[in-house]
Amino acid sequence: MKLATWNVNSLTVRLPQVLDWLMTNQVDVLVLQELKMTDDKFPLQAFQQIGYEGHCFGQKTYNGVALLSRSPATEVVRNIPGFADDMARVISADVNGVRVIGGYFPNGQEPGSDKFEYKRNWLKGLRNWVREELAKNPRLVLMGDYNITFDDADVWDPVGLKDTIHCTEEERYHLRALIALGLNDAYRLFPQTPKSYSWWDYRDFGFRRNRGLRIDHILISDALKPLATSCLIDRTPRKNERPSDHAPVMLELLQP
DNA sequence: ATGCCTCAGCTCCTGAGA
């Protein structure tokens, strides 16, 4: 079973690349972030034509998430139950006996800002809900654009970016608190090339210079950990002519 | 401190992203 996450930065612009990537990689589940479109614009038919069903939780201009799968997705839930949120950031479903949660975590803009306060509250709300979900569904995957680095290994310039957004101790605390619920950073379960990132700034040739951050993550529950066989970041789509600033992250699991 | 780049939209500038 292959699962993946990708922040596409506008599904309108990136649809041809997403279809191409799905046909090449044949993943069973793909969660998307930053659709930047309302539900009525979601290109469901295009996904159906290549063998996927899709569930969308969209919003005008900003945010927006979706879950695509080859097998039926059931028990589809939008947003975080118990956490009131105006923004479309989370979609979850059961697929092949796995509870899959796709999330677009708040950016936070800058420590001390209103948006950082929102990020803090959102992370707490997410954690409280994921704790309950894990109790009900031991086989759980939480993946998406976390907008948080785990540590310096996830940052191209840890000195220059110390304590800046995505790299603050407080954000990293929230990430570790998710791990403490019984989740594992799938990427680090396997040997990886040093300086591997999932996002590169569009500006200043960020990708060409490999000036990036690893902020897109796949967390898997303790029950799934022994079933994981690989986890990788696919940089190929970042080389496209009009790429998203994020690359997809992919996990392979033995079918539970 | 800002621009650098990209995208959406009440579009020829602005806000937001990260």
Side-chain angles (χ1 to χ4, degrees), chain A residues 5-18 21 31-43 56-66 85-90 102-123 126 143-175 187 195-217 233 235 237-249:
Chain A
T5 174
W6 192 4
N7 179 325
V8 291
N9 183 18
S10 169
L11 185 57
T12 307
V13 175
R14 234 64 67 188
L15 180 63
Q17 294 180 41
V18 175
W21 190 84
V31 291
L32 300 173
Q33 301 90 39
E34 284 210 87
L35 307 184
K36 300 187 175 180
M37 60 169 53
T38 45
D39 289 353
D40 57 305
K41 303 279 199 317
F42 184 68
C56 174
F57 181 31
Q59 180 185 328
K60 192 175 181 181
T61 311
Y62 304 113
N63 311 310
V65 290
D85 195 351
D86 293 335
M87 304 188 197
R89 294 187 176 278
V90 179
Y104 175 48
F105 291 39
N107 173 298
Q109 201 161 57
E110 188 180 5
S113 66
D114 290 350
K115 287 173 182 169
F116 194 84
E117 173 71 10
Y118 165 71
K119 184 174 195 173
R120 168 190 290 138
N121 293 331
W122 191 94
L123 287 163
L126 176 77
M143 58 183 170
D145 176 359
Y146 282 64
N147 275 317
I148 305 175
T149 55
F150 273 95
D151 52 41
D152 288 353
D154 293 344
V155 184
W156 71 275
D157 179 11
V159 175
L161 294 175
K162 185 176 166 54
D163 297 330
T164 63
I165 197 66
H166 312 122
C167 303
T168 68
E169 196 42 51
E170 182 174 351
E171 292 166 279
R172 289 173 175 178
Y173 160 79
H174 284 284
L175 200 40
Y187 193 70
K195 304 187 191 304
S196 291
Y197 310 120
S198 67
W199 171 88
W200 302 261
D201 203 307
Y202 282 124
R203 300 167 289 188
D204 300 324
F205 306 104
F207 182 68
R208 195 194 298 177
R209 297 161 135 170
N210 198 29
R211 295 181 167 185
L213 303 173
R214 191 175 72 99
I215 52 177
D216 300 87
H217 305 297
I233 298 169
R235 296 161 55 103
R238 192 63 173 78
K239 298 169 186 168
N240 286 333
E241 196 170 333
R242 285 179 78 187
S244 168
D245 41 358
H246 295 254
V249 187

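Lettering of chains follows the sequences in order, A, B, ..., and the numbering in each one begins at 1.
The phosphate of B/dC7 has OP1 or OP2 within less than 4.0 Å of a side-chain N or O from A/R14. Side-chain N/O atoms of A/R203 include none lying less than 4.0 angstrom from OP1 or OP2 on B/dT2. When the side-chain nitrogen and oxygen atoms of A/K41 are compared with OP1 and OP2 of B/dA8, none of them lie within a distance under 4.0 Å. Contact annotation: A/N147 reaches the phosphate of B/dA18 (side-chain N/O to OP1 or OP2, under 4.0 Å). Here A/Y104 reaches the OP1 or OP2 of B/dA18: one of its side-chain N or O atoms lies under 4.0 Å away. Applying the 4.0 Å criterion to OP1 and OP2 of B/dA18, one finds that A/H246 has a side-chain N or O inside that range.
Here the separation of B/dG15 from B/dT2, taken at their P atoms, is 13 Å to the nearest Å. Spacing of P atoms, B/dG3 relative to B/dT14, comes out at 11 Å, to the nearest Å. The same atom, P, is picked in B/dC10 and in B/dA16; the two are 15 Å apart, to the nearest Å. One P atom belongs to B/dG9, the other to B/dC4, and the distance between them is 24 Å to the nearest Å. Spacing of P atoms, B/dA8 relative to B/dA18, comes out at 14 Å, to the nearest Å.
Among the heavy atoms of the strands, none lies under 4.0 Å from A/D216. When heavy atoms are screened at a 4.0 angstrom cut-off, A/K115 is found touching the sugar-phosphate backbone but no base atom.
Regarding A/Y202, its OH atom lies at a distance of 13 Å from the P atom of B/dC5, rounded to whole Å. If you measure from atom CD of A/E34 to atom C1' of B/dC5, you get 14 Å, rounded to the nearest angstrom. Per the geometry, NZ belonging to A/K162 stands 23 Å off P belonging to B/dA18, to the nearest Å. Note: CG (A/D245) to C1' (B/dC4) measures 14 Å, nearest angstrom. Across the protein-nucleic acid pair, A/Y62 atom OH and B/dT14 atom P stand 14 Å apart, rounded to whole Å. In this structure, the CG atom of A/L35 is 14 Å from the C1' atom of B/dC7, given to the nearest Å. Summarising the geometry, the separation between OH on A/Y146 and C1' on B/dA18 is reported as 18 Å, rounded to the nearest angstrom. Between A/Q59 atom CD and B/dA16 atom C1' the separation is 12 Å, expressed in whole Å.
Taking a cutoff of 4.0 Å between a charged side-chain nitrogen and a carboxylate oxygen, A/K60 and A/D40 do not qualify as a salt bridge. Ionic pairing of A/E117 and A/R120 is present here: one or more N-O contacts between side-chain nitrogen and carboxylate oxygen are shorter than 4.0 angstrom.
There is no side-chain donor-acceptor pair under 3.5 Å between A/Q33 and A/D145. For the residue pair A/R214/A/T149, the side-chain donor-acceptor check at 3.5 Å is not satisfied. Using a 3.5 Å distance cut-off with no hydrogens or angles, the side chains of A/N9 and A/K36 do pair a donor with an acceptor.
Annotation: of the two residues near DNA chain B, A/S10 and A/D201, the 5′-most nearest-nucleotide partner is A/S10. When each of A/T61 and A/N7 is assigned the nucleotide of DNA chain B bearing its nearest heavy atom, the one mapping closer to the 5' terminus is A/T61.
Proximity note for A/N107 (side chain, C-beta onward) versus B/dG17, B/dC7, B/dA16: the nearest is B/dG17.
Ring geometry, A/W200 versus A/F207: the interplanar angle exceeds 60°, so the pair is classed perpendicular (tilted spans 30 to 60°).
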